[in-house]
2 protein chains.
Amino acid sequence: MSDTLSPLAPKSYPEMPEVAGVRLATASAGIKYEDRTDVVLALLSEGSQIAGVFTKSKCSSAPVDWCKQHLTRGRARAILVNSGNANAFTGKKGKEAVALSARIVSEAVQCPENEIFLASTGVIGEPLPAEKFSTVAKELVSKSAPAGWRDAAQAIMTTDTYPKYLTRTVQLGQQTVTLNGIAKGAGMIAPDMATMLGFLFTDAPIAAPVLQSLLSAGVPDTFNAITIDSDTSTSDTVLLAATGQAGGEWITDAADPRLGPFKAALQDMMRELAHQIVRDGEGATKFVEVNVVGAESDASAKAIALAIANSPLVKTAVAGEDANWGRVVMAVGKAGEPADRDRLAIWFGDVRVAVDGERDPDYSEEAASAVMKEDDILIKVDLGLGIGSAQVWTCDLTKEYVAINGDYRS
Amino acid sequence: MSDTLSPLAPKSYPEMPEVAGVRLATASAGIKYEDRTDVVLALLSEGSQIAGVFTKSKCSSAPVDWCKQHLTRGRARAILVNSGNANAFTGKKGKEAVALSARIVSEAVQCPENEIFLASTGVIGEPLPAEKFSTVAKELVSKSAPAGWRDAAQAIMTTDTYPKYLTRTVQLGQQTVTLNGIAKGAGMIAPDMATMLGFLFTDAPIAAPVLQSLLSAGVPDTFNAITIDSDTSTSDTVLLAATGQAGGEWITDAADPRLGPFKAALQDMMRELAHQIVRDGEGATKFVEVNVVGAESDASAKAIALAIANSPLVKTAVAGEDANWGRVVMAVGKAGEPADRDRLAIWFGDVRVAVDGERDPDYSEEAASAVMKEDDILIKVDLGLGIGSAQVWTCDLTKEYVAINGDYRS
């Protein structure tokens, strides 16, 4: 946790309701940090269903491998999350640490080991001292309670400057169901996924295959449309658990029309959590939306949007409040996607700065500069080729990012 | 030009010999900068041959388009280069500026316009006031001389902190031929190409198609194996001109065995100029070689090497002298190329820090940290899969990079 709160931190935080069937607890296991909590246990009532999406890294962490292996059953009783150590690139020791973690929790919870899900975030390459969980496991179970969402969001923070949590209430058929989510991010954030952990909980009666379908459909335009620094973590994990305790029959068909409002609320929450991660990007002082339209396809638009969002030169210009649209041209050009220089138009906010392949005839440096002084900045590009479009979100690149990451491990 | 010399600047500069048939001159045309030279004219004797490689940007600059168009003839009498304005994304005005520049120079040199080659570097999107060349064109021709290589290298600098120039002398059949090169770089540097300009001159009698073959063969492991910030310029240009004034018959076959030493010298010069660009990367304090071996193919090795070299987290760790090999693992993982976590080995310099997918059993933080304190740092990765290999070069990412680029245009 950083000492300095991001200038883009939320002005207010939501009151978090309970999610029937979910109990939370946090503890200080002393994995790496001193004087703070570093473990969260989320207990799920019997019969809970689970879905997940994970990093596409070829060097995924031991807990990611564990989750993927056991997700196929779709059943979960507990999620254990620690900060301070990612248990990534830890070889055989990593696998042993994961197995030990699951055993410790399963004994405390009294459930099968394969219904325990695990996530770790922090330093890569250090063996995770999983035996430390045994000193806190029973305490975590006994003190778990339906409240404590903010505490949970705080315990999973690494270089985050504020905890990230949201809630939505939505109608599902006859039932009113609750959807709570917590997340962490900060650095090593890029599609797919960001170095981020996200945990979403609902009391809705939705079966695992349907949960998975909803989660997978929601990710591309939310968690996989943000980038802090183009670096992709070994440990990215988003889990969505449903206890079914709101009542009503279980929904087992992803095409069930009752899912409409829930799907929208889930998507909305995922996008908002993703935005919160960007707003807490390491060293961030600006929240940037990159909106590409007129591309040959949506995929092409996204590649161009990411080239802009990941360009160090675009990001440093934003940090310097410099309406340097030439760097946006450069980023479009380097994406390697279909683009015609002479059809390109670029906006900062509402100010069109370039059109038909050159500076806008009505270009006003003053108007463009005024846009750059805002906290939230829109960079819009119209390629003028087709109807493909994409939106991604990023933050600026500041000296503070370099400071944070030049001295993180030590 | 920056006030602060890169700490990685050369300790000494070469004495530059003449290249028979090449005359140089510089002038202050007042394109953007005050109190410095900003134009170079290189005059080539009649019958000179030329080859070139250019940015792959989809938004290439007007001078790049001009050069590509006229390169097919392979004949050149002059190269005009300006700094301060890239004449990129300048639409119709850009094309007009290029045509006017060529006309001005062709009149002064008295040669066809299509034997004039042009390169521009600097701000994107500002119309280039090419008429300013007319005030200096005659002066440039009249004062041109076989010396002045350092002056020429200085006139093309933008955020470079030192001029980049090299020379090689080599046997070509019976003749001793000279090969001189100048280059500029600093930011917006990534394959393919870097934001860089490079101009290579020889008095060797080598015909344009052979020059092109030599240049194209040399680029992948030199200018296209460096990255400062992953951003690719609209303006990258490397031209290689041969006057033939050393004497001897023209070489017209790329397989001519007499070319061996020349090819090696050219390759060596291109690599060294590329290294000089990296050592002068914006804000650079470390020169980093990334060496990937054991990949499934050379292409796969290069993709992984570039993922490491472009990772902000790797680069900030290097800046912080932190032997954070976990971030190297991350970068290997995000490259999307074949990799097996449990076969991976990583070295910093001679110190193996990871092997078989986990921290080296003999890992010494002290030894690894000592490596990180050097100016030149080797990061070596063995994937353990095949025989593919690649080498790329980069620099660290410092607060100074952010400072330079947050306030460049204004």
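Side-chain atoms are counted along with the backbone in the values below, which use heavy atoms only and exclude waters and symmetry mates. Each chain gets a letter, A, B and so on, in the order its sequence line appears, and its residues count up from 1.
For T316(B) against V402(A), the heavy-atom pair with the smallest separation is CG2-CA, 3.9 Å. The two residues Y401(B) and P312(A) make their nearest non-hydrogen contact at OH-CB, 3.5 Å.
The contact between S60(B) and chain A is made by backbone and side chain atoms together, counting heavy-atom distances below 4.5 Å. For D360(B), no part lies under 4.5 angstrom from a heavy atom of chain A. Only the backbone of E337(B) comes within contact range of chain A, with at least one heavy atom under 4.5 Å from a heavy atom of that chain.
Residues I124(A) and M330(B) have side chains in contact (heavy-atom distance under 4.5 Å, counting atoms from C-beta outward).
In this structure, the separation between OG on S61(A) and CZ on R341(B) is 7.5 Å, given to the nearest 0.5 Å. Rounded to the nearest 0.5 Å, atoms CD (E400(B)) and NZ (K399(A)) are 7.5 Å apart.
Most heavy-atom pairs under 4.5 Å with chain A: of the set D342(B), D356(B), L344(B), this distinction falls to L344(B). Taking A317(A), A86(A), G336(A), A319(A) one by one and counting their heavy-atom pairs under 4.5 Å with chain B, the maximum is reached by G336(A).
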Which donor-acceptor pairs under 3.5 Å do the side chains of residues 88-96 of chain B make with protein atoms, sequence neighbours left out?
| unit_1 | atom_1 | unit_2 | atom_2 | d |
| --- | --- | --- | --- | --- |
| T90(B) | OG1 | N87(B) | O | 3.4 |
| T90(B) | OG1 | N87(B) | OD1 | 2.6 |
| K93(B) | NZ | E358(A) | OE1 | 2.7 |

